[in-house]
Q: 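My questions will all concern the structure given below.
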Amino acid sequence: MLDSKFIRENPDLIREAAQNKKFEVDVDRILALDEKRRALIHESETLRAKQKQGSKDLGKLKGDDKQAALEELKQMSERFKTLNDELRNVEADYDELMLRVPNVPAAEVPVGEGDEDNVELRKWGEPRKFDFETKDHVEIGKTLDIIDIPRGVKVSGTRSYFFKGDGALLENAIMQFGLNYIIKKGFTPLFGPVIVKDFAMYGTAFFPFGEEQCYRIEKDELNLVGTSEVFVTSFHSDEILKESDLPYLYAALSTCFRREAGTYGRDTKGVYRVHQFQKVEQVVLCRADEEESRRQHEFILNNSEEVLRALGLPYHVVTCCTGDLGLGQVVKYDLEAWMPSREGYGETHSASRYHDFQARRLNIRYKDSDGKTKFVHTLNNTVVASTRLLMAILENYQQADGTVEIPEVLRPYMGGRSRIEPPK
RNA sequence: GGAGGGAUGGCCGAGUGGACGAAGGCGGUGGUCUUGAAAACCACUGUGCCGCAAGGCACCGGGGGUUCGAAUCCCUCUCCCUCCGCCA
């Protein structure tokens, strides 16, 4: 959500942002509704003030004067109701449209259509040269009996899987490693509900537009989250925080649910694109200060780069172009790890900066040193995502003898073993 | 799922049709006093919207209604508590 004043003062900026981000928004209609809305507020409040005064004065009057005054007040009351109904209608339309106004991308974000226009920022590590015939993670998973996709499909349909034995342990190791890593960076673990109310989905700006990608529990009017960002960011909704407590650094571990509607042909191989996976996420709430916000963004980006380096996975960082940004995002960096079976990089992390877009919707504020209440800035980034890192590890660490080496940092979580061996 | 009770400011808690944005207490901030602290005393202490401003308006769990006028009356929803039932 943007400030209505900001829209009034920068309509062209909004139009440009919407065009670049591929969102349709009728700025003129918003401006017209805004004006109508403010005129109605003014009129109804003036009338209301008169009515209240008249009501107070009623006691002083007697006889015919009182009757006349009463008659007049009745009319005012009627008029007030009419005005209010009108205002309510206008505001409903206005609010509906406001939810669809995109945030303005930062100046440095490249203009582009989709992920093909994302710009590489930097690169770390060299993809390994294999001197034997490599397998993809599906084959490796099958051979080692640690990933079972057919049975996943049997039980839950396409894009489902089982992690078995060392597969389950490896997923768990990735999660534990990521969680411990981010805790050492000063983040507070915050585990919460993966089933959330609508406001949390709207508040984090997954709704509107994202409904099709979300598992909806219609019976209870609840939703399964696609990322823990939803419940963590909503944690402080409707609160006024202390400036001295900022920034809040939270780390969540949760299951993530994604319908992946409309992706039938895409990424059908293996566990790259699935309906359910585990993820550790970092979420930051900080002061409404551009510099601070940028600093935090670099911080959470760096944290995740450190994770990939610790895992020994070659990766690069890309700046997402305007067409690849969500409604509320100002800047987004993706981390993409090398995935041999894809013969390229695949997204494993996504670091977003929202300015106060989510905070406005969720009503998360703080009092600054001048006593003014301001909306916080929110940011988030993946720490580790189970399926994509697991497949990257299996593929990058596979050996000629069919075993998979376990990255050193994960060994403590796998009983100190250094290899995943095929079953006997 | 059934029956009953409740929801008031940061917290506790009064208020059953008008002068109530709301007593009182606690907490917080500032001050007086003090060598310092404590105590005592005094003052201040919610949020949002419209407006250049003066100012106005809204908010007593949410929504709707009755009334000239609602924290207060009516309807409805949500949440919390107690009891019964059911059940991981």
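Convention: sequence-line order gives letters A, B, ...; per-chain numbering from 1.
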Q: Does rG10(B) have OP1 or OP2 under 4.0 Å away from a side-chain N or O of K367(A)?
A: no
Q: Expressed as a whole number of angstroms, how long is the span from E71(A):CD to rG69(B):P?
A: 13 Å
Q: Under 4.0 Å between a side-chain N/O of R38(A) and OP1 or OP2 of rC49(B), yes or no?
A: no
Q: Rounding to an integer number of angstrom, what distance separates rC75(B) and rG25(B) when you compare their P atoms?
A: 36 Å
Q: What integer number of Å spans the C1' atoms of rA23(B) and rC60(B)?
A: 14 Å
Q: How far, in whole Å, is rG27(B) from rC77(B) if one measures between their P atoms?
A: 42 Å
Q: Identify which one of R287(A), H377(A), H355(A) satisfies the side chain to side chain donor-acceptor pair (under 3.5 Å) criterion when paired with S293(A).
A: H377(A)
Q: Does a nitrogen or oxygen in the side chain of R37(A) sit under 4.0 Å from OP1 or OP2 of rC50(B)?
A: yes
Q: Between P on rG18(B) and CD on Q51(A), what's the gap in Å once rounded to a whole number?
A: 17 Å
Q: Using whole Å, report how far NZ of K5(A) lies from C1' of rG51(B).
A: 10 Å
Q: Who does rA54(B) pair with, Watson-Crick or G-U, both distances under 3.5 Å?
A: none
Q: Taking the side chain of E45(A) as heavy atoms from C-beta outward, which of rC50(B), rU66(B), rG56(B) is closest to it?
A: rG56(B)
Q: To the nearest Å, give me how far apart NZ (K197(A)) and P (rG62(B)) are.
A: 14 Å
Q: Do the two ring centres, one from H236(A) and one from Y248(A), sit under 6.0 Å apart?
A: yes
Q: For rU72(B), which nucleotide is its Watson-Crick or G-U wobble mate, given both distances must be under 3.5 Å?
A: none
Q: Would you check if Q398(A) and I393(A) make a side-chain contact, meaning some heavy-atom pair closer than 4.5 Å?
A: no
Q: When you compare rA22(B) with rC12(B), how far apart are their C1' atoms, in angstrom units rounded to a whole number?
A: 16 Å
Q: Could you tell me how far rC57(B) sits from rC44(B) if I compare only their C1' atoms? Round to whole Å.
A: 25 Å
Q: Without decimals, in angstroms, what is the distance between I41(A) CD1 and rC59(B) P?
A: 14 Å
Q: Find which nucleotide of RNA chain B each of K56(A) and R48(A) is nearest to by heavy atoms, and output the residue with the more 5' nucleotide.
A: K56(A)
Q: How many whole angstroms separate atom OH of Y366(A) from atom P of rG10(B)?
A: 20 Å
Q: OP1 or OP2 of rG63(B) versus the side-chain N and O atoms of R88(A): is any pair under 4.0 Å?
A: no
Q: What about the rings of H297(A) and Y333(A), do their centers lie closer together than 6.0 Å?
A: yes
Q: Please give the nucleotide sitting opposite rG1(B) as a Watson-Crick or G-U wobble pair, both distances under 3.5 Å, or none.
A: rC84(B)
Q: Using Watson-Crick or G-U wobble geometry with both distances under 3.5 Å, which nucleotide pairs with rC26(B)?
A: rG10(B)
Q: Y94(A) OH to rC50(B) C1': how many Å, rounded?
A: 12 Å
Q: Is any side-chain nitrogen or oxygen of R365(A) closer than 4.0 Å to OP1 or OP2 of rG48(B)?
A: yes
Q: Under a 3.5 Å limit for both distances, which nucleotide forms a Watson-Crick or G-U wobble pair with rU67(B), could you say?
A: none
Q: Check whether the side chain of S55(A) and the base of rG18(B) form a donor-acceptor pair under 3.5 Å.
A: yes
Q: Taking the P atom of each, how far is rU29(B) from rA38(B), in whole Å?
A: 11 Å
Q: If rC59(B) has a Watson-Crick or G-U wobble mate with both distances under 3.5 Å, name it; if not, just say none.
A: rG46(B)
Q: If you apply the rule side chain to side chain donor-acceptor pair (under 3.5 Å), what do you find for Q282(A) with S304(A), and how did you get there?
A: CA-CA 9 Å; Q282(A) 40 186 337; S304(A) 300; 2.9 Å; yes
Q: Closest-nucleotide mapping onto RNA chain B: is S77(A) or T46(A) further toward the 5' terminus? I mean the 5' end.
A: T46(A)
Q: With rounding to the closest Å, how many angstrom separate the C1' atoms on rA43(B) and rA53(B)?
A: 28 Å
Q: Determine, step by step, whether K21(A) and D324(A) satisfy the salt bridge (charged side-chain N to carboxylate O under 4.0 Å, His left out) criterion, reporting the C-alpha distance in whole Å, the side-chain angles of both residues, the deciding distance to 0.1 Å, and the verdict.
A: CA-CA 7 Å; K21(A) 277 187 156 185; D324(A) 207 24; over 6 Å; no
Q: Send over the distance from I240(A) CD1 to rG10(B) P, rounded to a whole Å.
A: 8 Å
Q: Does the ring center of F235(A) lie less than 6.0 Å from the ring center of Y250(A)?
A: yes
Q: C1' atom, rU45(B) versus rG36(B): distance in rounded Å?
A: 27 Å
Q: State the pairing partner of rC41(B); accept Watson-Crick or G-U wobble contacts with both distances under 3.5 Å, and report none otherwise.
A: rG31(B)
